[in-house]
Amino acid sequence: MLCLKKTFMEDLPSLLGRQVKIAGWVHKVRALGGLVFIILRDCTGLCQVVVKGNPDLVKLARSLNMEDVIEVKGIVQRSRSRQFPVEVVAESISVLNRVIGGVPLDVTGAIEADLGTRLRYRVADLKRPRNLAIFRVQAELVDAFRRYLKERRFIEVHTPKIVVYATEGGAELFEVKYFENIAYLAQSPQIYKQMLVIAGFERVFEIGHAYRAEKHSTVRHLNEYVSLDIEMGFIEDENDLINFEEDLIKYMLQSVEENCSRELKLLGAEVTIPDRIPKLRFPEVKEILVEYYNLKEYEDAEDLDTRGEELITKYVQENYGVDMVFVDLFPLSSRPFYTMPYDEVYGRSFDLIFRGLEVSTGSQRIHQYELLRQMMIKKGLNPDDFKYYLEAFKQGAPPHGGFAIGAERMTMKLLGLCNIREASLFPRDRYRLEP
RNA sequence: GAACCGGUAGUUUAGCCCGGAAGAAUGCGGGACUGUCACUCCCGUGGCCCGGGUUCAAAUCCCGGCCGGGGCGCCA
């Protein structure tokens with residue numbers, strides 16, 4: 001009895017002349033009378049199955065519909081196809097499961113559905129090779145992030161997503177019923193990352209969800225997103241973080257370029273790795289907007305809006321030939337309470353803007369108990385609400401800081417997707433809670 | 001919270017301005033076809049988001065609702 005394990009499509013070219021067992025989804029059937037071509041898909045790609053000679057087998061092959069799940073045993077041979085170098089000549093086919101009522105979307109990509117329809121039928125949509133490619137690239141970004149940090153003595157942690165801290169900034173929180181109390185979904189692992197650095201972990205990172213209860217409905221916001229967070233102790237100031245992040249980002253891009261060439265080609269995306277990411281300061285950026293672009297309305301700006309982010313990207317493209325830029329020293333007024341002040345007005349807080357979108361934010365944090373307390377009060381927060389957090393700062397807090405990268409935003413910008421929902425498997429937005 | 005744009009077979013789309021029998025592609029069902037590669041050809045199946053109004057007559061014009069897209073505010 002044959003007991004071959006499943007062979008993946010991408011391995012077939014190296015198995016010429018061998019008998020294999022392949023399995024997957026029927027991507028397409030091209031039936032020419034007594035000769036049937038089945039294009040079969042698995043997670044590694046497509047393959048052509050040829051069925052001929054055996055009338056029963058031909059009949060079975062002709063009865064297949066798109067997305068039926070089948071297993072094929074046969075011999076790998078060179079193909080006359082223009083699309084495939086090899087093909088499997090079927091000796092037997094077993095139908096593992098049939099589609100009921102047809103697939104709601106065209107998986108082959110010939111008919112492009114609207115994003116709303118695609119998200120409604122997300123499972124069928126994700127079958128499209130293009131979508132698998134998006135998430136392979138995302139997985140590579142995340143994996144590279146993890147590899148890079150682990151090699152530099154960072155420890156991966158998992159902090160609570162159910163929290164009580166009422167707020168740390170302007171962002172609104174989702175309320176959660178927690179037995180007899182009210183809790184919230186964490187909008188960031190910020191407070192816990194810091195406490196772990198203080199606890200002596202020194203360098204931590206976390207890949208986890210963050211929740212924002214903002215009623216926005218745009219192509220770049222999600223109410224649940226994946227945050228690539230790091231926090232590290234014993235930094236000089238935020239410049240250490242910026243330089244560190246610059247190398248990290250370059251490594252992540254390099255990894256995608258090296259390990260996802262097939263995906264990038266399929267998506268028509270190109271990765272450009274800057275030699276150096278320019279670093280500007282907020283006052284300079286403001287000056288560029290006011291002087292260079294002659295936009296007087298930015299004279300009193302305390303933060304960058306969408307247009308500002310797009311223009312500054314345009315500026316560095318034209319003047320530095322790159323599509324990312326660090327902007328440092330944002331006004332304290334637009335940053336959270338834990339931001340280390342640079343002077344009275346500015347904070348040691350920075351953004352990374354990539355192709356017109358903020359994909360990362362970070363800062364040196366305040367490590368002095370009294371100053372932290374003061375800043376909370378200044379921001380209108382009640383120190384009593386942060387009792388456990390504040391307490392930690394009395395127990396030996398080193399100078400420290402960190403940053404977070406939005407995984408979906410990074411993926412979106414890298415691949416040139418026009419909607420962040422495309423970079424989220426099952427996006428949660430203002431009006432979408434399922435699937 | 002909200003300018004604006006849109007909603008026609010499962011999916012994509014023509015028709016809407018200028019009211020008069022709703023057409024196509026793809027899928028699905030049937031048939032022909034032994035090297036397709038968006039296979040081809042023939043037949044069939046299946047649709048105007050919901051409610052109200054105007055009119056002899058509404059997919060088409062008007063109003064309301066629902067759903068989708070979406071720049072803004074806010075936010076990362």
Side-chain angles (χ1 to χ4, degrees), chain A residues 26-39 46-55 58 61-68 77-85 87 89 98-121 124-125 128 167-173 187-188 190 210-229 303-307 309 330 334-336 349 351-354 357-362 403-410 412-413 418-421 429-432:
Chain A
V26 174
H27 196 65
K28 190 88 196 172
V29 179
R30 288 196 272 266
L32 292 78
L35 173 65
V36 184
F37 298 99
I38 303 167
I39 311 302
L46 300 173
C47 147
Q48 173 158 280
V49 174
V50 182
V51 186
K52 59 183 174 184
N54 179 342
V58 167
R62 295 184 65 101
S63 79
L64 294 170
N65 280 331
M66 290 169 115
E67 298 309 311
D68 282 343
Q77 67 168 33
R78 227 176 280 284
S79 176
R80 274 174 269 174
S81 163
R82 293 199 290 273
Q83 197 181 345
F84 304 97
E87 64 195 14
V89 183
R98 287 201 186 260
V99 164
I100 300 166
V103 182
L105 300 175
D106 173 37
V107 176
T108 66
I111 296 174
E112 184 76 19
D114 298 330
L115 186 59
T117 309
R118 289 175 44 201
L119 294 174
R120 158 69 185 82
Y121 300 110
D125 183 46
R128 296 159 70 220
T167 181
E168 66 169 60
E172 287 178 54
L173 294 141
Q187 56 169 257
S188 132
Q190 185 58 35
Y211 301 88
R212 302 286 161 101
E214 300 289 339
K215 291 180 179 176
H216 36 49
S217 173
T218 78
V219 295
R220 58 185 189 283
H221 290 96
L222 292 169
N223 292 293
E224 178 184 57
Y225 69 94
V226 174
S227 185
L228 309 177
D229 261 274
D303 205 349
L304 279 181
D305 57 8
T306 309
R307 189 172 60 150
E309 287 175 356
F330 274 86
S334 65
R335 298 279 139 159
S349 178
D351 278 358
L352 174 63
I353 298 166
F354 179 28
L357 182 66
E358 173 195 337
V359 294
S360 173
T361 298
F403 54 82
I405 302 167
E408 293 88 348
R409 282 190 170 190
M410 190 73 201
M412 171 192 182
K413 282 295 151 183
C418 27
N419 195 312
I420 196 166
R421 291 168 182 83
D429 64 30
R430 177 72 181 90
Y431 300 106
R432 195 171 277 107

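Below, read A as the first sequence line, B as the second, and so on, with proteins coming before strands; counting in each chain starts at 1.
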Legend entry - Non-neighbouring partners of H221(A) that pass ring pair (Phe, Tyr, Trp, His ring centres under 6.0 Å), sequence neighbours left out: H216(A)

Inset, instruction - Mind checking S360(A) for me? I need base, sugar-phosphate or nothing, with any heavy atom below 4.0 Å counting as a touch. - result: nothing

Sort me out a list of protein N/O and nucleotides 28-32 of chain B N/O pairs below 3.5 Å, or just none if empty.
unit_1	atom_1	unit_2	atom_2	d
C28(B)	OP1	N65(A)	OD1	3.2
C28(B)	OP1	M66(A)	N	3.4
G29(B)	OP1	N65(A)	ND2	3.1
G29(B)	OP2	N65(A)	OD1	3.3

Inset, instruction - Using a cut-off of strictly less than 4.0 Å, decide whether R432(A) has a side-chain nitrogen or oxygen near OP1 or OP2 of G69(B). - result: yes

Show each protein N/O and nucleotides 43-49 of chain B N/O combination with a separation under 3.5 Å, one pair to a line.
none

Inset, instruction - Measure the shortest side-chain to side-chain distance between S79(A) and Q48(A) over non-hydrogen atoms and say whether it is less than 4.5 angstrom. - result: yes

Inset, instruction - Could you check which nucleotide pairs with C4(B) in any of the strands shown, counting Watson-Crick or G-U wobble with both distances under 3.5 Å? - result: G69(B)

Inset, instruction - Mind checking R120(A) for me? I need base, sugar-phosphate or nothing, with any heavy atom below 4.0 Å counting as a touch. - result: nothing

Inset, instruction - Indicate yes or no: does E112(A) engage R128(A) in a salt bridge with an N to O separation below 4.0 Å. - result: yes

Legend entry - Under 4.0 angstrom between N223(A) side-chain N/O and C75(B) OP1 or OP2: no

Inset, instruction - Between T218(A) and R78(A), just flag the one whose closest nucleotide in RNA chain B comes earlier from the 5' side. - result: R78(A)

Identify all pairs in which a protein N or O lies below 3.5 Å from an N or O of nucleotides 9-13 of chain B, and state each distance.
unit_1	atom_1	unit_2	atom_2	d
G10(B)	O2'	P104(A)	O	3.0
U11(B)	O4'	P104(A)	O	3.1
U12(B)	OP1	D114(A)	N	2.9
U12(B)	OP1	D114(A)	OD2	3.4
U12(B)	OP1	T117(A)	OG1	3.4

Check the interface with nucleotides 1-8 of chain B: list each N/O to N/O pair with the protein under 3.5 Å, or write none.
unit_1	atom_1	unit_2	atom_2	d
G1(B)	O6	K215(A)	O	3.3
A2(B)	N6	Y431(A)	OH	3.4

Legend entry - Watson-Crick/G-U partner (both atom distances under 3.5 Å) of U36(B): none

Legend entry - Complement of C28(B), any strand, by Watson-Crick or G-U distances under 3.5 angstrom: G44(B)

Inset, instruction - With sequence neighbours excluded, tell me which residues meet side-chain hydrogen bond (donor to acceptor under 3.5 Å, both in side chains) with N54(A). - result: none

